[in-house]
Amino acid sequence: DAGVIQSPRHEVTEMGQEVTLRCKPISGHDYLFWYRQTMMRGLELLIYFNNNVPIDDSGMPEDRFSAKMPNASFSTLKIQPSEPRDSAVYFCASRDSGTPGDTQYFGPGTRLTVL
Amino acid sequence: GEDVEQSLFLSVREGDSSVINCTYTDSSSTYLYWYKQEPGAGLQLLTYIFSNMDMKQDQRLTVLLNKKDKHLSLRIADTQTGDSAIYFCAESIEDSSYKLIFGSGTRLLVRP
């Protein structure tokens with residue numbers, strides 16, 4: 001299995017621009033999570049989906065952030081408009097609730113820089 | 001509330017054992033995990049332990065869980081330079097749909 005795939009790996013944009021981050025979970029996994037990692041706040045859960053349905057978006061910082069999962073193999077995290085304080089590494093993770101350990105498997109992350 | 005704490009930094013000599021410690025607050029944790037993050041990479045699962053176990057061994061890794069004290073540790077035997085990374089402790093909480101709560105990470109530096 002290819003693991004969780006994220007694109008792009010690096011994104012540099014200017015303040016005010018729209019940014020879209022993409023994630024392909026591991027095939028057969030029924031949960032998908034979006035995290036943000038910064039030096040100041042560590043790893044924060046932004047939102048997670050179960051069977052493509054958003055379950056908990058309480059970690060989404062503002063209305064500028066939105067996430068979708070149109071099907072079991074694809075999810076997007078969009079920031080519009082972006083701000084410099086959104087600069088961080090964004091991770092996607094997926095999980096198969098039917099396997100022991102309920103382990104989340106992480107993608108390589110997207111490093112976002114907003115100038 | 002839920003909180004996971006780790007020391008920030010550990011330095012060991014190559015070949016020695018490393019012990020990374022973690023404390024957590026939520027007694028309803030179902031599983032506890034150790035993840036490894038190398039520079040510029042994502043989080044790699046190292047191992048996990050079910051909350052009703054007190055020890056798990058996997059090759060050079062030994063996880064000890066003291067549920068009474070809410071203390072988790074990861075011991076790496078014969079530490080190698082390739083083990084230098086940030087190690088994250090995390091707990092999953094059953095009543096939160098297995099949402100993971102992460103510690104701040106311990107940076108392990110292995111000196112030759």
Side-chain angles (χ1 to χ4, degrees), chain A residues 1-7 9-10 21 23-26 29-51 53-60 88-111 113, chain B residues 1-9 22-24 26 28-53 56-58 61 63 65 72 74 85-107:
Chain A
D1 197 318
V4 176
I5 299 172
Q6 291 187 246
S7 65
R9 292 295 311 277
H10 302 273
L21 311 181
C23 174
K24 177 177 167 51
I26 293 172
H29 283 197
D30 55 342
Y31 279 81
L32 184 140
F33 304 80
W34 282 100
Y35 290 88
R36 178 172 69 174
Q37 185 179 39
T38 61
M39 289 292 292
M40 291 298 294
R41 300 174 69 91
L43 271 160
E44 302 173 277
L45 176 65
L46 300 177
I47 186 172
Y48 73 93
F49 297 82
N50 177 217
N51 292 322
V53 176
I55 302 300
D56 183 352
D57 66 353
S58 59
M60 296 284 261
V89 181
Y90 291 81
F91 289 105
C92 176
S94 70
R95 182 187 114 207
D96 177 358
S97 60
T99 57
D102 292 324
T103 305
Q104 292 184 24
Y105 294 90
F106 282 73
T110 296
R111 182 174 295 276
T113 302
Chain B
E2 308 136 353
D3 195 19
V4 178
E5 293 192 356
Q6 302 178 238
S7 54
L8 290 180
F9 185 74
C22 169
T23 58
Y24 60 97
D26 199 304
S28 64
S29 296
T30 308
Y31 290 99
L32 294 122
Y33 304 84
W34 285 104
Y35 282 85
K36 175 184 181 182
Q37 185 179 32
E38 297 185 59
L43 276 72
Q44 172 196 352
L45 176 71
L46 288 178
T47 188
Y48 68 89
I49 187 167
F50 190 48
S51 59
N52 69 354
M53 298 169 63
K56 181 177 181 181
Q57 187 152 5
D58 184 0
L61 305 179
V63 178
L65 175 60
L72 182 75
L74 174 69
I86 301 176
Y87 291 80
F88 290 92
C89 166
E91 60 172 342
S92 73
I93 301 164
E94 186 171 1
D95 60 358
S96 298
S97 297
Y98 300 98
K99 183 169 73 171
L100 287 185
I101 308 298
F102 283 88
S104 55
T106 299
R107 182 178 295 275

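None of the values given here were measured: they were computed from a predicted structure. Note on naming: letters A, B, ... go to the chains in the order of the sequence lines (proteins, then strands), and numbering restarts at 1 for each one.
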For this session: Answer with side chain, backbone, both or neither: which region of B/Gln37 has an atom nearer than 4.5 Å to a non-hydrogen atom of chain A?
Result: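 For B/Gln37, the side chain is the part near chain A, not the backbone.
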Problem set entry | Contact class of B/Phe102 relative to chain A, heavy atoms under 4.5 angstrom |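 When you check distances to chain A, only side chain atoms of B/Phe102 fall under 4.5 Å.
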For this session: Using side chain to side chain contact (heavy atoms under 4.5 Å, CB included) as the criterion, list what pairs up with A/Arg9, not counting sequence neighbours.
Result: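 Side chain to side chain contact (heavy atoms under 4.5 Å, CB included) check on A/Arg9 returns A/Pro108.
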Problem set entry | side chain to side chain contact (heavy atoms under 4.5 Å, CB included) involving B/Thr23 - partner list, sequence neighbours excluded |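 Checked B/Thr23 against side chain to side chain contact (heavy atoms under 4.5 Å, CB included); matches are B/Glu5, B/His71.
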Exercise. Among B/Ser104, B/Ala41, B/Ala90, who wins on heavy-atom pairs under 4.5 Å with chain A?
Worked result: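 If we count pairs closer than 4.5 Å to chain A, B/Ala41 comes out on top.
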Exercise. By a 4.5 Å heavy-atom criterion (distance strictly below it), what part of A/Asn50 contacts chain B: side chain, backbone, both, or neither?
Worked result: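 For A/Asn50, neither part sits under 4.5 Å from chain B.
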For this session: Under 4.5 Å heavy-atom distance to chain B, tell me which part of A/Glu44 shows up: side chain, backbone, both or neither.
Result: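 Neither the backbone nor the side chain of A/Glu44 comes within 4.5 Å of chain B.
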For this session: Starting from the C-alpha separation in whole Å, work towards a yes-or-no answer on side-chain contact (heavy atoms from CB on, under 4.5 Å) for B/Leu43 and A/Tyr35.
Result: CA-CA 11 Å; B/Leu43 276 72; A/Tyr35 290 88; over 6 Å; no
Exercise. For A/Gln104 and B/Tyr35, which heavy atoms make the closest approach, and how far apart are they?
Worked result: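 Looking at all heavy atoms of both residues, the shortest contact is O-OH, 2.6 Å.
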For this session: Step by step, work out the side-chain contact (heavy atoms from CB on, under 4.5 Å) result for B/Phe88 and A/Gln37.
Result: CA-CA 12 Å; B/Phe88 290 92; A/Gln37 185 179 39; 3.5 Å; yes
